[in-house]
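None of these values were measured; they are calculated from a predicted model. Whatever order the structure lists ligands and atoms in, that order sets their numbers, starting from 1.
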Amino acid sequence: MQIHVYDTAQQVGQAAAMLFASQVIRKPDSVLGLATGSSPIDCYQQLIAWHKAGLLDFSKCISFNLDEYCGLPVEHECSYHAFMKAQLFDHINMKASYVPDGNAPDLAAECARYDEAIRRAGGIDMQLLGIGRNGHIGFNEPADHLVYGTQIVHLTESTIQANRRFFESEKDVPRQAISLGIGGIMAAREIVLVAMGEDKADAIRETVMHDINPRVQASILRAHPHVTILLDRAAASKL
Ligand code: F6R
């Protein structure tokens with residue numbers, strides 16, 4: 001596990017973008033694992049800027065997103081489909097991009113279908129992650145165990161409160177989501193986790209300094225051979 005600390009959140013995003021750009025240049029048909037939320041936005045903006053400057057071509061790349069809310073129409077501005085379109089997909093030339101379907105009539109079948117689609121694409125080359133204040137990655141919430149495959153999760157109160165800022169009111173925040181499981185994340189060949197801000201400092205400390213523990217799902221990353229953690233000073237303040 002490599003940990004790099006930067007002065008600003010923007011520098012964290014640029015460093016993450018650099019890793020993804022190198023990946024795409026090295027392997028133009030890369031399979032990229034993508035995340036939503038505030039943490040990846042600077043990274044996406046940098047990738048868009050390099051693409052617009054003619055430096056980065058995604059035309060052979062495929063992407064799979066980590067998660068999506070259940071029961072939220074894809075056109076809803078807070079859906080992760082809408083987020084990814086606005087923040088990245090509408091501005092670059094990704095060959096194909098997939099986000100799990102949180103409105104599938106049979107959600108268990110959708111979970112299996114998503115894992116199979118990733119497998120058929122050859123697996124994820126590089127996975128981008130944020131981290132929840134409670135140490136979740138994807139929407140794998142604190143639990144007594146780790147779940148391997150894509151799963152339907154009940155969001156914890158801490159996650160509902162954290163994501164409330166995107167919705168009009170707390171009651172509008174969906175309570176369920178579909179998320180790549182820990183096995184799916186760990187199967188990625190390389191993982192890049194970005195965290196900014198003081199409210200991530202505890203989760204980062206638990207992830208990198210304590211034993212692997214499913215109450216802090218990100219701690220499993222310590223068992224992965226190629227993880228890079230990019231932090232701003234605030235997120236690194238408790239290391
Ligand atoms: C998003 C995701 C979540 C977020 C995490 C941090 O696709 O899977 O694990 O990365 O909740 O969210 P932000 O970046 O908004 O603090």
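A salt bridge links Arg215 with Asp144: the closest approach of a Lys/Arg side-chain nitrogen to an acidic carboxylate oxygen falls below 4.0 angstrom. We find that Arg133 and Asp202 are not joined by a salt bridge, their nearest charged nitrogen and carboxylate oxygen being 4.0 Å or further apart. Salt bridge present: Arg26 and Glu190 bring a charged side-chain N and a carboxylate O closer than 4.0 Å. In this structure, Glu116 does not pair ionically with Arg113, as no charged nitrogen and carboxylate oxygen lie closer than 4.0 Å.
Of the protein's heavy atoms, Gly130 CA, 3.3 Å lies nearest to atom 10 (O) of ligand 1. For atom 6 (C) of ligand 1, the closest heavy atom belonging to the protein is Ile131 O, 3.3 Å. For atom 3 (C) of ligand 1, the nearest protein heavy atom (residue, atom name, distance) is Gly138 O, 3.5 Å. What sits closest to atom 11 (O) of ligand 1 on the protein, heavy atoms only, is His136 NE2, 2.7 Å. Protein heavy atom at the shortest distance from atom 1 (C) of ligand 1 is Thr36 OG1, 3.1 Å.
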### Message
Before you tell me yes or no, could you show the steps for His4 and Thr228 under side-chain hydrogen bond (donor to acceptor under 3.5 Å, both in side chains), namely the whole-Å CA-CA distance, both residues' side-chain angles and the distance that decides it to 0.1 Å?
### Response
CA-CA 8 Å; His4 301 278; Thr228 306; 5.6 Å; no
### Working for side chain to side chain contact (heavy atoms under 4.5 Å, CB included), residues Leu180 and Gln127
CA-CA 11 Å; Leu180 209 66; Gln127 175 69 55; 4.1 Å; yes
### Task
I would like to know whether Tyr114 and Phe64 meet ring pair (Phe, Tyr, Trp, His ring centres under 6.0 Å); could you show each step before the answer?
CA-CA 9 Å; Tyr114 204 65; Phe64 287 92; 5.7 Å; yes
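Atom numbering of ligand 1 starts at 1 in the shown order; those under 4.0 Å from a heavy atom of Ser38 are 13 (P), 14 (O), 15 (O). For ligand 1, the atoms closer than 4.0 angstrom to any heavy atom of Gly37 are 14 (O), 15 (O). For ligand 1, the atoms closer than 4.0 angstrom to any heavy atom of Lys200 are 6 (C), 13 (P), 16 (O). When each atom of ligand 1 is checked for a heavy atom of Leu66 under 4.0 Å away, the hits are 8 (O). Near Ser39, with a cut-off below 4.0 Å to any heavy atom, the atoms of ligand 1 are 13 (P), 14 (O), 16 (O).
Residue contacts with ligand 1 leave out Arg133, since none of its heavy atoms falls under 4.0 Å from the ligand. Note on ligand 1: Met84 sits outside its first shell, no heavy atom being nearer than 4.0 Å.
Only the side chain of Asp67 comes within 4.0 Å of ligand 1, judged by heavy-atom distances. When heavy-atom distances to ligand 1 are checked against a 4.0 Å cut-off, Thr159 has no atom that comes that close, whether in backbone or side chain. Under 4.0 angstrom from ligand 1, there are no non-hydrogen atoms of Met196.
Checking only distances, Arg165 does come within under 3.5 Å of ligand 1, N or O to N or O.
Ring geometry for Phe167 against Tyr69 counts as perpendicular: the plane angle is over 60°, on a 0 to 90° scale with 30° as the lower cut.
Between the side chains of Asn134 and Gln217, not a single donor N or O lies within less than 3.5 Å of an accepting N or O.
Heavy-atom neighbours of Lys95 NZ from other residues, nucleotides or ligands within 6.0 Å: at or below the threshold of 12.
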